[in-house]
Amino acid sequence: MILSISGVVLLAVIVFLFCRKDGLKASHAAICCLFGFYLAGTAIAPSITAGGHSLASLLGGIKL
């Protein structure tokens with residue numbers, strides 16, 4: 001649960017920065033949010049979640 005909340009916060013910050021700095025319009029951001037919302041209800045959602053978890057564990061395992 002903590003991973004998904006921090007992921008949502010990270011993505012929200014990225015979208016905010018795109019809106020402020022790179023000219024992403026609010027309507028485009030809303031469409032991206034709706035796309036993600038509807039994508040979460042499809043059959044591919046578990047694969048996307050598993051990919052996100054494996055990427056997070058890969059990044060968490062990097063020692064600097």
Side-chain angles (χ1 to χ4, degrees):
M1 184 67 177
I2 292 173
L3 177 66
S4 62
I5 290 173
S6 61
V8 167
V9 171
L10 176 66
L11 291 175
V13 168
I14 291 171
V15 168
F16 176 75
L17 290 175
F18 280 162
C19 287
R20 295 289 287 173
K21 303 290 182 194
D22 293 335
L24 180 70
K25 296 180 182 176
S27 60
H28 296 153
I31 289 173
C32 289
C33 289
L34 286 173
F35 175 70
F37 179 76
Y38 287 118
L39 186 64
T42 64
I44 198 169
S47 299
I48 294 171
T49 302
H53 285 291
S54 64
L55 179 64
S57 66
L58 176 73
L59 293 176
I62 295 176
K63 304 286 185 199
L64 295 178

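All residue numbers refer to positions in the sequence shown, counting from 1. Owing to the predicted nature of the structure, the values given are computational and were not obtained by experimental measurement.
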**Q** Which hydrophobic side chains are connected to Ile48, either touching it within the sub-4.5 Å cutoff or through other members that do?
**A** Phe35, Leu39, Ile44
**Q** Run the side-chain contact (heavy atoms from CB on, under 4.5 Å) test against Leu34 and tell me which residues pass, sequence neighbours left out.
**A**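 Per chain and number, Leu34 pairs via side-chain contact (heavy atoms from CB on, under 4.5 Å) with Tyr38.
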**Q** Looking only at non-hydrogen atoms, find the nearest pair between Pro46 and Ala43 and report the distance.
**A** CD-O, 3.3 Å
**Q** Provide the closest heavy-atom pair for Ala45 versus Ala40 in the form atom of the first, atom of the second, distance.
**A** CB-O, 3.2 Å
